[in-house]
Amino acid sequence: MKIYNTESKQKEEFVPIEEGKVRMYVCGPTVYNLIHIGNARPMIVFDTVRRYFEYKGYQVNYVSNFTDVDDKIIKKALEEGVDASVISERYIAECKKDMQGMNVKPATTHPQATQEIDGMIAMISTLIEKGFAYVAADGTVYFRTRKFDYYGKLSHKNLDDLRSGFRNLQVSGEEQKEDPLDFVLWKPKKDGEPYWESPWCQGRPGWHIECSVMSKRYLGDQIDIHAGGEDLIFPHHENEIAQSEAANGKEFTHYWMHNAFLNIDNRKMSKSLGNFFTVRDISEKYDLQVLRFFMLSAHYRSPLNFSDELMKAAESGLNRIITAAGNLKDKAAKAENTELSDVEKELLSQADTYRAKFEEVMEDDFNTADAIAAVFDLVRFINTEIADGKSHSGAFLNKLYAELSTLTDVLGIIIEKEEEILAEDIEKLIEERQAARKNKDFARADAIRNELLEKGIILEDTREGVKWKKA
Ligand code: AMP
Ligand code: ZN
């Protein structure tokens, strides 16, 4: 399996630290608002990477944080007159709803910055002891970048250029830094802000330290994959490397993966530019499965431009797959359950070539665009085999269905729609059942009860009549 590593700028063969296991950390959102579909891109992309590893039999320990202390959260809390935690807890819950809608699996652990302050204080203390950090007069703790020899190895930036750039951009507090590239590990509180006690001052952590600490706590000093959007390469990930490697004395991450931006009119979609749609906005117009399918229709390292036309194209592509799956299932239910014939065995080995193609392109740095093309090839094959006039055994049709659902499951695409039963349909069936009982047609009455049970509806005969509830 080959992964493009931002650090080496090359595709590299994936070799896990521990056989059969993947330790993966994905930087998550700052929770002060509903997530926008730009934020959804890394969620969907790296969930698919995870699913592929799982499909290959790896056990994936997947950690993704929520940044729940930040200027924007504090600002919103002050505006609403509530505690910052009220804001962050609200938007964590909303984010989880969106993730579920997009069929993004919950991480093995979703740590939150505010619950990891002790670990941050411990790592900052280690950095100070080792001479990699210093405390300024006002209690701010800075990372001493010039002491870390490899600073810039991920972003391939020229440090002298960066330094002079930073010097022209001086903001308050900069004058107490030893070097313009030094960054904050801990900062003093301001009035009305949440704060924690520390050996240096009452205050709160800088942003970068949380990921180094959570990654160490839940995955160990060294991890296989660290991922996020490409805007995180510098300074966030560069700073994480500096902190983790200086504190732990080991190489931090083996493979750095970064998704390109989701753009709108060829500009990055972002809250600050105001050119965004939230996942919730999109859910009012489309099934979120369509959003997922749209995101996977491009390679994760290519910029992707959002448009209604592309979403419509994704919708019709997805429907083609779902329709084929539905027809296949119907045909399988009606088919005779005979053994596979030799011709069918031959046909199944042909279907296997689509899976082989799917794997080949996924193993070439997770080329989901080509993987979708392989799924369409399989769909075309299925449509030919279930066309009118063709007859196949149930065994054959069920195997084809399993093949399709295995591949779509790797992409996180759900092909089986849960049948929704409407309240009025339930009421009608209940009336029919009452009539059947009056006519002493108990077989029909029982059949109706069972039919409803299969759809997850439980009937209760009470003194006030028949009542129903969802199982
Ligand atoms: P943030 O809440 O801004 O820290 O972003 C959370 C994640 O979303 C990070 O991995 C960002 O890189 C990613 N992200 C933000 N905007 C976009 C975008 N327009 N396209 C792709 N990824 C993005
Ligand atoms: Zn991070």
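Read the numbers this way: they start at 1 and go in the same order the structure lists the ligands and their atoms.
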Next item on the list: Answer yes or no for Met43: is there a heavy-atom contact with ligand 1 below 4.0 Å?
Entry: no
Notebook entry, point to check: Given Asn33, Asp231, Asn65, which one has a non-hydrogen atom that is nearest to atom 12 (O) of ligand 1?
Noted result: Asp231
Note to self: When you measure from the heavy atoms of Ala227 to every atom of ligand 1, does any distance fall below 4.0 Å?
What the structure shows: no
Check: Which option, Ser64, Pro29, Gly229, owns the non-hydrogen atom nearest atom 10 (O) of ligand 1?
Finding: Gly229
Notebook entry, point to check: Does the side chain of Thr48 come within less than 4.5 Å of Arg292's, by heavy atoms?
Noted result: yes
Note to self: With a 4.0 Å cut-off on N to O distance, would you call Asp179 and Arg144 a salt bridge?
What the structure shows: no
Note to self: Under 2.8 Å from the Zn ion (ligand 2), can any N, O or S atom of His208 be found?
What the structure shows: no
Margin query: Counting only nitrogen or oxygen atoms and a 3.5 angstrom limit, does Asn39 reach ligand 1?
Written below: yes
Check: How would you list all residue pairs meeting salt bridge (Lys or Arg N to Asp or Glu O under 4.0 Å) that involve residues 58-71, not counting sequence neighbours?
Finding: Asp71-Arg204
Notebook entry, point to check: Do the two ring centres, one from Tyr142 and one from Phe183, sit under 6.0 Å apart?
Noted result: no
Notebook entry, point to check: Which atom, among the N/O/S set of Glu240, is closest to the Zn ion (ligand 2)?
Noted result: OE2
Margin query: With a 4.0 Å cut-off on heavy atoms, is Pro42 in contact with ligand 1?
Written below: yes
